Amino acid sequence: MADAPRGSNFLTDIIDADLAAGRNGGRVVTRFPPEPNGHLHLGHAKSILLNFGLAARYRGRVHLRFDDTNPETEETEYVEGIQADVRWLAGEWSALHYASDWFERMYGCAERLIREGKAYVDSQPQEAIREQRGDFGRPGVAGPFRDRPAAESLDLFRRMRAGEFPDGACVLRARIDMAHPNVLLRDPLLYRIRHAHHHRTGDAWCIYPMYDYAHPLEDAFEGVTHSICTLEFESNRELYDWVLDALGPWEPRPRQHEFARLAVGYTVLSKRKLLQLVNERRVAGWDDPRMPTLAGMRRRGITPEALRDFAERIGVAKNNSVVDIGKLEFSIRADLEGRCPRGLAVLDPLPVTVTTWPADRVEEIEIPWWPAEPGRGGRKVPFGRELLVEREDFALEPPEGWRRLAPGREVRLAGAWRLRCDEVVRGPSGEVAGLRCSHDPSSPRPDPGDRQRVSGTLHWVHAGRSRPAEVRLYDRLFAAEQPDAAEDFLSALNPASLAVARGARVEPALAEARAGDRFQFLRQGWFFADPVDSRPGAPVFNRTITLKDAWARPAVRAEPPRPAKARAPAPAAAPPGGGRTRSDDERIAADPVLAAFHRQAMAAHGHAASVARWLLNDLLGLARERSLDTLPLSAAGFGRFVALVDAGRLTPAAGKTLLADLVTRGGEPEERMRELGLERVGDRSAVAAAVDRALAAQAPEVARYRAGEKKLLGVLLGAAMRQAQGAADAALVRELLLERLG
Ligand code: ATP
Ligand code: MG
């Protein structure tokens, strides 16, 4: 199991509080529940690291569970791939489960619900059921089978299982409340008929449980304590609780908690879309190094450590946002910087004749590996009269500040001597076909790892003694930051996401690389010997990442930025912040739906900048794949919401909570704010009262804090913020709390 991540978040606060209250007998059991209908991606990595990390932190258990309740799309190939991916990223799980192992027990629970009057068989077609359910503004109505007696439902349900009916002929529904404010609780479906072959249970079943029924039961059967899922399931939580309450008691009783789904710029994280890329052969497969799948990232040379670092940096939040891909790239560079020896490779060779060197002499220069590693000696690099340098390291008419080759200019060759360009050799049509240079045998030979001298130092190889290698230059798969925002995400593909350097030559030591070896190619980037296509003595190198972020330069041209090659081997100094790619105005203007929504919201609240900020930073994330015009929150309502925040009637944190609610349920912002108790508690005495309530409820923790367990401050602060419903300034809460704790 992976190391426990440091730092707390709202989930650790919840678990701390559960432990403090003695819930679940002090146990912490989490699970990662993939559906085996595709391979895992970066979003899953976040969920895996979170669940495995919490289990490690609390010395609990974490289950890997295949949520295989949908026979049509699931395959054994995925089951195996997912296990390999999870093991690679996070290590071993405490237990392996399959939802399908519980089918019999789930079925038994369903019979119990029927006997107890909590479920019935509905024989209406899907459309009628959907129509009767109503929607946000329209209460549902009971269908004709709602009062079907238990004995009749039980008989029908057994016959459903026995295969007497075709698909869609009837369903099992919970009997809850057709007027429930939460549409999901208006007699939801529990079982449906599917005459389909299941990858594990074969043809044993022709009825399959629905997610909302199966998931809580899987958690309960396995003894999971904290069932962590993404925010879209927030309104399903009520149904989760209904199922467990109807079928309990359970020990432990699992609880569902939601966190923000990971979305990253310049990529898509949806199995459906990734599958489309594979099926339409836009990429070479699930493990194409450009794919954001774990298999693809592994094959590109990204390490689990880099992904863990990334996950820790972005943390766990309760509001959706798009993470700058630069943060991921920062973590990758920081990780590779320390672990890869630097080798010499020329991707686009330009011949150089060293006229001062004898024609028949080849000297094996000893160059140490850098960074140095105990047990790894140096390597010999052949130097001779005929060399190759990078074509782009020569300029006929050098621009100002050029520190590379040009007529009459002198440079250093990494690990070797100084070299001066005396003459340019022209090809048949006048192109630069080679250089004639002279070397300075008295010049010191700098170590290629020596950062001080690296500027003005070029990489090179010997023409005859270097070896050919296939080098694949990968770049971002998409050229647009939000491919999902385009009508067709495929139109956002980056046509230059793969270039193959066909004439590349590498020093002999690199040609001996084994599959899975990593190197920094001096001045070029980090490379990984492809584990699939490399052959002994003939490695294929995948570029994991360039040395510097070639996309980060301000885009002054109208055309999309073209990734350029990196120049200097210095890693980025700090992780990039967000929002520097394009201004808010430009982003809104570029998308007609956004622009219209923004305009209408402005009619309700004229502050363009804050409307834009809430729109881009929060609303888009919350809307996820839904189009803005299908949300239960209108543009005008959104404008009124921003007005409330701007008027200081909500803290930004409470604003986020309110917005998430409005996006799910709709309603008038001001009313919902009051109903949810989110209005800012401004005056000191109200905040003080909340703090006092929290301290009273947490008496044992207060005592332990006073006895010296200072780390409990976080728990107490969290409790006080909850008492204030997130509607108070955290700084004021903290101040009053500290005052009371002495
Ligand atoms: P997709 O939308 O790509 O099909 P999914 O949610 O349907 O993903 P599952 O196999 O059901 O995929 O997901 C397994 C677990 O991974 C779930 O707990 C889910 O919440 C989590 N997960 C999936 N995508 C993300 C993401 N982008 N960020 C964080 N967690 C995610
Ligand atoms: Mg899913």
Side-chain angles (χ1 to χ4, degrees), residues 9 11 30-55 62-70 72-75 77-79 81-83 85-86 89-90 93 97-100 199 210-212 214-216 218-219 222 224 226-237 240 254-278 286 291-297 307-308 310-312 314-323 325 327-328 482-484 489 621-622 624-626:
N9 54 52
L11 288 168
T30 59
R31 86 288 172 269
F32 171 66
E35 185 181 350
N37 60 355
H39 287 282
L40 301 181
H41 55 58
L42 186 57
H44 295 113
K46 177 171 178 179
S47 173
I48 294 167
L49 292 170
L50 177 62
N51 282 295
F52 277 66
L54 288 171
V62 55
H63 297 179
L64 173 60
R65 174 204 311 153
F66 288 101
D67 204 353
D68 54 353
T69 55
N70 182 5
E72 274 132 343
T73 54
E74 297 165 0
E75 286 172 32
E77 174 209 324
Y78 297 134
V79 170
I82 289 172
Q83 294 191 47
D85 288 347
V86 174
L89 179 66
W93 39 88
H97 291 283
Y98 292 85
S100 53
H199 69 106
M210 304 297 289
Y211 173 88
D212 282 324
H215 206 86
E218 292 156 22
D219 287 340
E222 289 178 21
V224 165
H226 296 82
S227 178
I228 298 162
C229 63
T230 44
L231 275 180
E232 329 71 278
F233 292 97
E234 200 165 5
S235 22
N236 303 58
R237 189 187 336 125
Y240 183 99
R255 297 274 162 197
Q256 176 184 306
H257 305 281
E258 309 87 24
F259 73 104
R261 193 180 177 86
L262 176 65
V264 180
Y266 296 97
T267 190
V268 295
L269 296 181
S270 137
K271 277 184 283 192
R272 186 178 57 75
K273 288 180 178 161
L274 296 175
L275 182 63
Q276 194 180 340
L277 291 172
V278 173
W286 281 101
M291 290 280 270
T293 51
L294 294 194
M297 293 190 290
L307 295 180
R308 270 180 239 156
F310 170 64
E312 280 196 36
I314 59 174
V316 189
K318 208 136 176 129
N319 56 306
N320 285 314
S321 63
V322 178
V323 171
I325 195 176
K327 293 200 170 126
L328 173 62
Q482 296 202 36
D484 289 324
F489 78 103
L622 290 168
R624 297 205 55 232
E625 294 185 354
R626 287 173 290 172

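Side chains included, hydrogens not; waters and symmetry mates left out as well; all remaining heavy atoms used. Residue numbers count from 1 along this sequence. What you see is a predicted model; the values in this text were computed from it and never measured. Counting starts at 1 for both ligands and their atoms, following the listed order.
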Any residue meeting side chain to side chain donor-acceptor pair (under 3.5 Å) with His199, in chain and number order, not counting sequence neighbours:
none
Just jot down the side chain to side chain donor-acceptor pair (under 3.5 Å) partners of Gln482, sequence neighbours excluded, or say none.
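Side chain to side chain donor-acceptor pair (under 3.5 Å) list for Gln482, sorted by chain: empty.
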Give the atom numbers and elements of ligand 1 that come within less than 4.0 Å of a heavy atom of Thr230.
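Taking each heavy atom of Thr230 in turn, ligand 1 has 20 (O), 29 (C), 30 (N), 31 (C) under 4.0 Å.
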Can you list the atoms of ligand 1 that are under 4.0 Å from a heavy atom of Ser270?
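It comes down to these atoms of ligand 1: 3 (O).
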Which is closest to atom 17 (C) of ligand 1 in terms of heavy atoms, Gly38, Pro33, Ala260?
Pro33
Considering only heavy atoms, which of Arg272, Glu35, Arg261 lies nearest to atom 8 (O) of ligand 1?
Arg261
Are any side-chain N or O atoms of Asp68 and backbone N or O atoms of Ala99, one a donor and one an acceptor, separated by less than 3.5 Å?
yes
Quick check against the 3.5 Å criterion: does Thr230 have a side-chain atom that pairs as donor or acceptor with the backbone of Arg261?
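Looks like no, no N/O pair under 3.5 Å.
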Does ligand 1 come near enough to Pro34 that some N or O of the ligand is less than 3.5 Å from an N or O of the residue?
no
So for ligand 1, is Asn37 a polar contact partner (N or O within less than 3.5 Å, distance only)?
no
Of the options Gln256, Arg65, Arg255, His226, which is the one that meets Asp219 in a side chain to side chain donor-acceptor pair (under 3.5 Å)?
Arg65
Proximity to ligand 1 by part of Phe233, non-hydrogen separation under 4.0 Å:
neither
Tell me whether ligand 1 is touched by His41 - counting only heavy atoms on the residue side and a distance under 4.0 Å.
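Yes, that is the case, since the closest heavy atom of the residue is under 4.0 Å from the ligand.
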Aromatic ring pairing His215/Tyr240, orientation class (parallel under 30°, perpendicular over 60°, tilted between)
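Aromatic pair His215/Tyr240 classed tilted.
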